[in-house]
Protein chains: 2
Amino acid sequence: MRKLKKLNRIYWIYGGVMGLLMILLEVIHYRTMVRDIEIEVYGAIIGILFLAFGIWLGTSLIKKNSQEKYDPFKLGLSKREVEVLELLAQGFSNQEVADKLFVSLNTAKTHISNIYSKLNVKRRTQAIQKARDMALIHPSKE
Amino acid sequence: MRKLKKLNRIYWIYGGVMGLLMILLEVIHYRTMVRDIEIEVYGAIIGILFLAFGIWLGTSLIKKNSQEKYDPFKLGLSKREVEVLELLAQGFSNQEVADKLFVSLNTAKTHISNIYSKLNVKRRTQAIQKARDMALIHPSKE
DNA sequence: TCATAAATCACCCGAAAGAATGAAAGAAAT
DNA sequence: ATTTCTTTCATTCTTTCGGGTGATTTATGA
């Protein structure tokens with residue numbers, strides 16, 4: 001639903017930019033009616049414009065593809081649990097998680113256990129994996 | 001050293017393709033000397049070619065940037081240890097790692113401990129993190 | 001206001017993980 | 001040949017994890 005909507009808007013943008021580009025070309029075309037001399041320039045301009053547009057379009061498309069799965073914490077995870085998950089993925093121990101959140105070790109463990117059952121995993125490494133795959137947490141790099 | 005070399009080769013390739021594109025345009029240009037009628041077609045061809053080139057170039061550049069750090073296991077890691085690291089990153093327990101490599105649990109634990117000291121970490125989650133960051137192991141997705 | 005969910009903490013227990021050593025056989029290098 | 005490295009395994013000990021259960025205190029919403 002929302003996904004489709006968003007994708008569509010992106011394609012509208014692409015279309016719009018493309019249209020603007022065409023208009024720009026038309027303008028250039030009718031401006032340089034003294035073509036016989038200017039045809040090389042005309043070609044160069046078109047080339048540069050479309051090259052730029054292509055690069056922009058290509059990079060945009062890749063970026064869209066590599067993100068956009070972002071499942072918010074709608075797997076029953078509470079915001080506190082997402083916080084904990086974030087810390088887990090950063091390699092902290094139970095005790096460290098507890099300290100960072102200013103709660104007791106027992107509380108941290110409770111959160112972590114709940115995360116496991118909600119993510120349907122048995123170990124923290126699996127939880128981290130799943131969280132990354134489903135983009136439940138902030139990506140580490142790039 | 002090797003990094004620079006590789007990057008340079010990539011730019012050579014880009015340059016080469018760009019050159020071919022230019023030659024192609026020249027050919028098209030002198031082929032369609034009946035321009036007054038064909039100038040729109042000429043523009044369209046240039047546009048399409050450069051658009052395609054731009055997209056290709058853009059996506060290639062992004063991909064190159066997002067990889068390319070690949071540090072082989074020159075941190076003192078033996079090949080066996082890299083194997084173990086690979087399995088760790090897949091979320092397996094010590095026992096599972098041992099089973100998959102047909103060695104005893106003790107052996108697996110020894111490898112894992114050695115990995116920790118070589119990567120200078122204290123926990124398996126940190127080892128996995130570091131292995132990913134330094135691209136010591138195969139990426140999980142994409 | 002009453003029920004429900006979230007967040008907090010405690011206690012117990014067994015399993016897994018990790019640290020510290022030692023040791024031994026085979027491969028590889030010099 | 002003789003080191004050096006790798007891989008293998010064992011033992012002991014401590015710490016950390018994870019499961020299970022139960023309880024209290026806010027919030028939130030119906």
Side-chain angles (χ1 to χ4, degrees), chain A residues 70-138 140, chain B residues 70-138 140:
Chain A
Y70 256 77
D71 269 317
F73 41 107
K74 300 302 180 192
L75 307 199
L77 291 177
S78 72
K79 65 192 85 163
R80 198 56 159 171
E81 286 162 350
V82 173
E83 283 186 81
V84 173
L85 195 46
E86 206 87 51
L87 293 173
L88 279 194
Q90 286 167 40
F92 293 113
S93 68
N94 290 358
Q95 186 61 62
E96 287 169 335
V97 170
D99 292 344
K100 294 203 175 273
L101 297 181
F102 303 104
V103 296
S104 80
L105 174 60
N106 287 316
T107 302
K109 287 173 69 174
T110 302
H111 285 315
I112 292 171
S113 281
N114 291 335
I115 291 172
Y116 293 166
S117 61
K118 287 180 182 176
L119 290 188
N120 201 31
V121 297
K122 300 210 177 314
R123 281 186 281 285
R124 67 174 45 206
T125 48
Q126 295 175 340
I128 295 171
Q129 248 196 167
K130 204 150 199 173
R132 287 199 198 290
D133 285 353
M134 309 179 72
L136 301 173
I137 58 177
H138 296 145
S140 48
Chain B
Y70 257 79
D71 268 318
F73 43 106
K74 299 302 180 190
L75 307 199
L77 290 177
S78 71
K79 68 191 83 163
R80 198 57 159 169
E81 285 162 350
V82 173
E83 283 186 81
V84 173
L85 196 46
E86 206 87 51
L87 294 173
L88 280 194
Q90 286 168 41
F92 292 114
S93 68
N94 289 359
Q95 186 60 63
E96 287 169 336
V97 170
D99 292 344
K100 292 200 176 277
L101 297 182
F102 303 105
V103 297
S104 79
L105 174 59
N106 288 315
T107 303
K109 288 171 73 171
T110 301
H111 285 315
I112 293 171
S113 282
N114 291 335
I115 291 172
Y116 293 166
S117 60
K118 287 180 183 176
L119 290 188
N120 201 30
V121 297
K122 300 209 179 310
R123 280 183 282 286
R124 66 173 44 206
T125 49
Q126 296 175 339
I128 295 170
Q129 245 197 171
K130 203 149 198 172
R132 287 201 197 289
D133 285 353
M134 309 179 73
L136 302 173
I137 57 177
H138 296 144
S140 47

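Quick caveat, the model's predicted, so the values are computed rather than measured. Here is the naming used below: chain letters follow the sequence lines, and residue numbers restart at 1 for every chain.
- Per the geometry, CG belonging to B:L85 stands 17 Å off C1' belonging to D:dT6, to the nearest Å.
- Paired with A:V103 under the rule side-chain contact (heavy atoms from CB on, under 4.5 Å), one option of A:L105, A:L101, A:N106 passes, and it is A:L101.
- Between D:dG19 and A:S113, a contact under 4.0 Å exists linking OP1 or OP2 to a side-chain N or O.
- The nearest whole Å value for the distance from the CD atom in A:Q126 to the P atom in D:dG19 is 10 Å.
- As rounded to whole Å, 16 Å separates atom P of C:dA15 from atom CD of B:E96.
- The side chain of B:Y116 places an N or O atom within less than 4.0 Å of a non-bridging phosphate oxygen (OP1 or OP2) of C:dG18.
- Computed from coordinates, the B:N120 CG to C:dA19 P distance equals 12 Å when rounded to whole Å.
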With B for base contact, S for sugar-phosphate-only contact and - for none (protein heavy atoms under 4.0 Å), nucleotides 4-14 of chain C reads --SSBBBB---
Show, in sequence, the C-alpha distance, side-chain angles and deciding distance for A:K100 and A:E86, and conclude whether the salt bridge (charged side-chain N to carboxylate O under 4.0 Å, His left out) test is met.
CA-CA 12 Å; A:K100 294 203 175 273; A:E86 206 87 51; over 6 Å; no
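- Side-chain polar atoms of B:T107 and B:T110 form no donor-acceptor pair below 3.5 angstrom.
- A:Q95 and A:D99 share a donor-acceptor pair across their side chains, judged by distance under 3.5 Å alone.
- Taking atom CG of B:N94 as the reference point, atom P of D:dC9 lies 14 Å away to the nearest angstrom.
- A straight line from NZ of A:K122 to C1' of C:dA17 spans 18 Å, rounded to a whole angstrom.
- You'll find the side chain of A:Q126 reaches within 4.5 Å of the side chain of A:K122, heavy atoms only.
- Here the P atom of nucleotide D:dC17 and the CZ atom of B:R123 are 7 Å apart, to the nearest Å.
- Looking only at distances, a side-chain donor or acceptor of B:R132 sits under 3.5 Å from a matching main-chain atom of B:A89.
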